[in-house]
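Please read the structure below before turning to the comments.
A note on names: the letters A, B, ... follow the listed sequences, proteins ahead of strands, and every chain is numbered from 1. Since the structure is predicted, the reported quantities are computational estimates derived from the model, not experimental observations. The figures that follow rest on heavy atoms only: side chains count, while hydrogens, waters and symmetry mates do not.
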Protein chains: 2
Amino acid sequence: MSIVVGFIDTPEGNAAVQSAIDEAKLRSTSIVILHSMVGGGHEKGSEYLASAEAIERIEQLLSESGVEYSSHEYVRGKSPAEDIVTAAKVHDAELIVIGIRKRSATGKLLLGSNALDILHDAPVPVLCVKAG
Amino acid sequence: MSIVVGFIDTPEGNAAVQSAIDEAKLRSTSIVILHSMVGGGHEKGSEYLASAEAIERIEQLLSESGVEYSSHEYVRGKSPAEDIVTAAKVHDAELIVIGIRKRSATGKLLLGSNALDILHDAPVPVLCVKAG
């Protein structure tokens with residue numbers, strides 16, 4: 001069993017990784033982290049491309065947490081949502097953690113298409129977290 | 001701290017209560033269960049009205065789980081989503097659990113407006129579960 005989390009370098013993306021660490025400790029399980037896509041089949045891949053510094057910071061956070069984890073990149077992935085759902089199946093996940101944005105001051109709905117696709121297609125429960 | 005879950009007598013509603021029990025055990029916390037609305041300010045309240053038998057079954061499930069819990073009804077509530085978000089604030093929740101439908105065979109998007117509103121307005125993480 002494992003917890004799957006995709007990393008994007010946004011406040012909610014960082015909150016998702018921290019939440020995944022907390023949940024992994026609580027459930028005595030490991031983390032599968034999917035890093036941002038770097039080209040390949042992603043039309044809008046560059047939107048999700050975290051900097052080398054951000055990836056290094058997250059890897060250090062995971063390393064220092066004491067939780068067992070493995071990092072993966074879907075260089076030629078389909079879409080972030082499909083990659084996460086696939087990873088959940090491949091890695092026998094018990095939980096997926098995703099970051100979602102807070103409602104803006106204008107009340108505009110902000111749940112992105114990736115979050116919606118993950119919620120619809122996830123084979124396991126999805127924990128949705130916001131930035132603190 | 002507590003876990004807030006709203007009960008609707010659907011496969012995903014029952015899955016949400018079971019998941020809330022599992023999470024409460026894992027986190028050594030209590031459950032706040034909101035029962036379906038019985039009139040009051042809800043235009044579509046009858047959609048969510050669980051039968052007396054269903055409520056009794058859920059109360060028995062909770063009772064037998066050994067988890068501490070309290071039951072609440074928002075007879076004159078605003079909307080199911082607002083009631084759940086309010087309860088999460090009032091009861092100092094650490095987590096909200098909601099049931100969401102599986103994607104249908106036609107691929108139609110099925111995340112309801114209540115689920116979306118809860119995700120947008122929740123002050124704490126939301127665990128989204130489907131029926132097994």
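Residue B:Leu26 touches chain A through both its backbone and its side chain, counting heavy-atom pairs closer than 4.5 Å. Only the side chain of B:Leu95 comes within contact range of chain A, judged by heavy atoms closer than 4.5 Å.
Comparing A:Ser19, A:Gly132, A:Cys128, A:Pro125 by how many heavy-atom pairs each has under 4.5 Å with chain B, the most go to A:Cys128. The candidate with the highest count of non-hydrogen atom pairs below 4.5 Å against chain A, out of B:Ile100, B:Ile96, B:Val129, B:Asp121, is B:Asp121.
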With side-chain contact (heavy atoms from CB on, under 4.5 Å) as the test, would you mind laying out the steps for A:Val67 and A:Lys25 before giving the verdict?
CA-CA 7 Å; A:Val67 168; A:Lys25 287 180 179 172; 3.6 Å; yes
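When atom types are taken as modelled, the side chain of A:His91 and the backbone of A:Ala87 share no donor-acceptor pair closer than 3.5 angstrom. Using modelled atom types, no side-chain atom of A:Ser65 and backbone atom of A:Ile21 make a donor-acceptor pair closer than 3.5 Å.
A donor atom on one side chain and an acceptor atom on the other are not found under 3.5 Å apart for A:Asn14 and A:Gln18.
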